[in-house]
Asks: 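I'd like to ask some things about the structure below.
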Amino acid sequence: MTRARRLAAVLFLCGVVGGSVADRGTRVPEPYRDGEYWVLAGDFHVHSFFGDGVLPPWELRREARRRGLDVIALTNHNHQASVVIDRWTFSLAGSRAGSFLAGDASDVLVMPGQEITAGRYHLIGVGIANTVDWTQTAAGAIAAVHAQGGAAIAAHPTRWYWDAYDPRALAGLDGAEVAHPLAHGNEELRDELIEFYERLRGAHPSAAPIGSSDFHVRAPIGLYRTYIFARERSAQGVVEAIRSGRTVAYDSTGHAFGDSSLVQMAERRRRHDATRPAASSWSASASAVAVLLGLAGLILL
Amino acid sequence: MSPDLRVMLSPSSAYRALAPQAAGTTLRAALARPVLVAVVIGCALAISATGRITIGLALSSILCWSFAPALQMLTGARMLTPRTGDLGPAARMDLWFMGHAPWSLWMLASAAILTWSPGATRLEVFVVASALIPAVWTGIITCAFCRVVQQAPVRSAVRRAIAHQAVTLAVVVAYLFLVARPWVRLLEMARL
């Protein structure tokens with residue numbers, strides 16, 4: 001190995017080790033309660049590896065914890081393979097393998113879900129144990145989600161998807177995504193998401209506003225998040241809160257959607273989160289740069 | 001200049017110079033490049049997704065995405081099978097994986113762009129579209145491999161390179177169809 005390659009290898013290793021050290025500065029978020037509610041920060045639209053996301057479920061847990069999320073839903077397209085894997089890795093939590101895979105982020109609630117992907121609608125089913133058939137109508141899929149005790153959320157309901165949501169479907173929906181990376185910097189799409197949500201509220205006044213990252217490769221998990229006001233800190237508590245409309249979401253302009261009293265609680269939670277010391281972003285970035293440069297050096301030198 | 005960079009910049013002359021030197025390559029030595037490719041893919045995707053890297057995150061991502069270089073070995077199996085000459089499978093595999101540089105550098109550059117560009121923009125479309133560059137470049141390298149290492153005639157080398165690219169593309173599309181179900185949306189658009 002030439003001297004230059006050795007330097008590149010050292011740079012790569014320093015980057016990985018440095019990144020690990022930098023990451024230790026992240027404080028574990030404590031459960032947050034306001035009055036009668038647990039105020040949970042959630043992302044209900046997350047894709048994982050063993051799907052078309054790049055991170056495996058156990059790393060999504062860690063990333064969720066790092067980004068101050070209390071609950072995520074694994075929602076791959078029309079299958080739940082990653083849910084099965086998450087359950088298996090989580091069951092190892094007591095073992096040495098498990099402590100690597102899931103143990104240090106076991107406080108994040110990972111809910112089973114599915115992005116029911118049909119031609120003219122995408123529907124998030126949160127808290128469902130079995131895959132929902134995508135070949136049915138939106139109304140049929142919503143009913144199937146409810147039959148499993150889950151919550152049905154319209155995913156990125158831009159104009160393209162509106163026709164699929166007939167009055168029966170609108171009456172059945174529990175919520176809709178009003179904040180989504182699709183609408184980031186795109187006023188037209190942002191207006192379409194809001195218009196759909198207002199139509200939904202016309203049919204279903206307690207419809208839950210939802211903010212999601214739709215994480216695949218980029219758009220960090222929790223970029224847009226939903227604040228849930230749950231009576232119990234459990235999957236059932238989260239579903240009950242969504243179906244009762246007790247959520248708040250913020251869009252890219254900082255506008256809050258949800259009941260005004262809940263918005264005030266969400267604001268208090270956000271102020272509380274702002275006091276959390278985060279891992280140093282510059283040292284994390286520097287480590288990532290070192291890794292990329294080190295690998296480039298190993299290729300080129 | 002590394003052999004990988006030499007192959008990237010001048011595939012035919014690089015393979016002509018490197019092929020004789022590769023004759024004694026052991027299997028263990030030949031695995032170094034596929035492992036490097038797995039590390040590149042794993043780390044690049046981990047950084048793109050989180051903006052950071054840790055030992056655990058790197059290991060998890062490398063483990064999950066190691067199927068990519070493994071698939072490359074499968075799709076390139078015909079290239080690795082000795083037909084003429086005295087280069088064994090290990091030497092051929094080492095020479096074959098020397099052509100990884102365009103894709104690996106594209107992954108690293110994409111990771112840097114996606115991680116440190118502002119906000120959720122249309123940049124993803126640009127990054128995906130730019131994949132055409134390493135795809136075409138790899139086709140040229142594959143053709144040179146077939147001509148020099150496989151000692152195939154020019155036309156045969158071009159056919160093999162095209163066939164390999166087609167098989168690789170088919171595998172990628174099959175994977176996407178399996179995990180993202182885009183055919184559902186395509187069907188609907190076709191009906192419209």
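Every value quoted in this text rests on a predicted model; they were computed, and no experiment measured them. A note on names: the letters A, B, ... follow the listed sequences, proteins ahead of strands, and every chain is numbered from 1.
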Asks: Would you check, one step at a time, whether the test side chain to side chain contact (heavy atoms under 4.5 Å, CB included) holds for Leu292(A) with Thr115(B)?
Replies: CA-CA 11 Å; Leu292(A) 295 177; Thr115(B) 303; 5.9 Å; no

Asks: Chain A: which of Ala101(B), Cys43(B), Gly42(B), Ser61(B) shares the most heavy-atom pairs with it under 4.5 Å?
Replies: Cys43(B)

Asks: Is the shortest side-chain heavy-atom distance between Ser117(B) and Arg218(A) below 4.5 Å?
Replies: yes

Asks: Heavy-atom pairs under 4.5 Å with chain B are the metric here; pick the option from His79(A), His216(A), Arg5(A) that has the most.
Replies: His79(A)

Asks: Are Ser48(B) and Val54(A) close enough that some pair of their side-chain heavy atoms sits under 4.5 Å apart?
Replies: no

Asks: For Ile133(B), look at atom CD1 and say whether over 12 heavy atoms of other residues, nucleotides or ligands are found less than 6.0 Å away.
Replies: no

Asks: Please look at Ile47(B) and chain A and tell me whether the side chain, the backbone, both or neither of the residue comes under 4.5 angstrom of a heavy atom of that chain.
Replies: side chain

Asks: What heavy-atom pair brings Tyr175(B) and Gly51(A) nearest, and what distance separates the two atoms?
Replies: OH-O, 3.5 Å

Asks: Report yes or no: do Glu63(A) and Thr50(B) form a side-chain donor-acceptor pair below 3.5 Å?
Replies: no

Asks: Between atom CZ of Phe49(A) and atom CG of Leu63(B), what is the distance when rounded to the nearest 0.5 Å?
Replies: 8.5 Å

Asks: Can you tell me how far the CG atom of Leu300(A) sits from the CG atom of Leu9(B), to the nearest 0.5 Å?
Replies: 9.0 Å

Asks: Looking only at non-hydrogen atoms, find the nearest pair between Ser60(B) and Pro56(A) and report the distance.
Replies: CB-CG, 4.2 Å

Asks: Report the distance from atom CG of Leu55(A) to atom CH2 of Trp65(B), rounding to the nearest 0.5 Å.
Replies: 9.5 Å

Asks: To the nearest 0.5 angstrom, please state how far the CZ atom of Arg52(B) sits from the OG atom of Ser20(A).
Replies: 9.0 Å

Asks: Let me know if Val291(A) has heavy atoms under 4.5 Å from chain B in its side chain, its backbone, both or neither.
Replies: side chain

Asks: Can you tell me how far OG1 of Thr54(B) sits from CD of Glu59(A), rounded to the nearest 0.5 angstrom?
Replies: 6.0 Å

Asks: Between Asp23(A) and Leu57(B), is there a side-chain heavy-atom distance shorter than 4.5 Å?
Replies: no

Asks: So do the side chains of Leu298(A) and Val39(B) get within less than 4.5 Å of each other, counting heavy atoms only?
Replies: no

Asks: What's the spacing between Leu36(B) CG and Ile299(A) CD1 if we round to 0.5 Å?
Replies: 5.5 Å

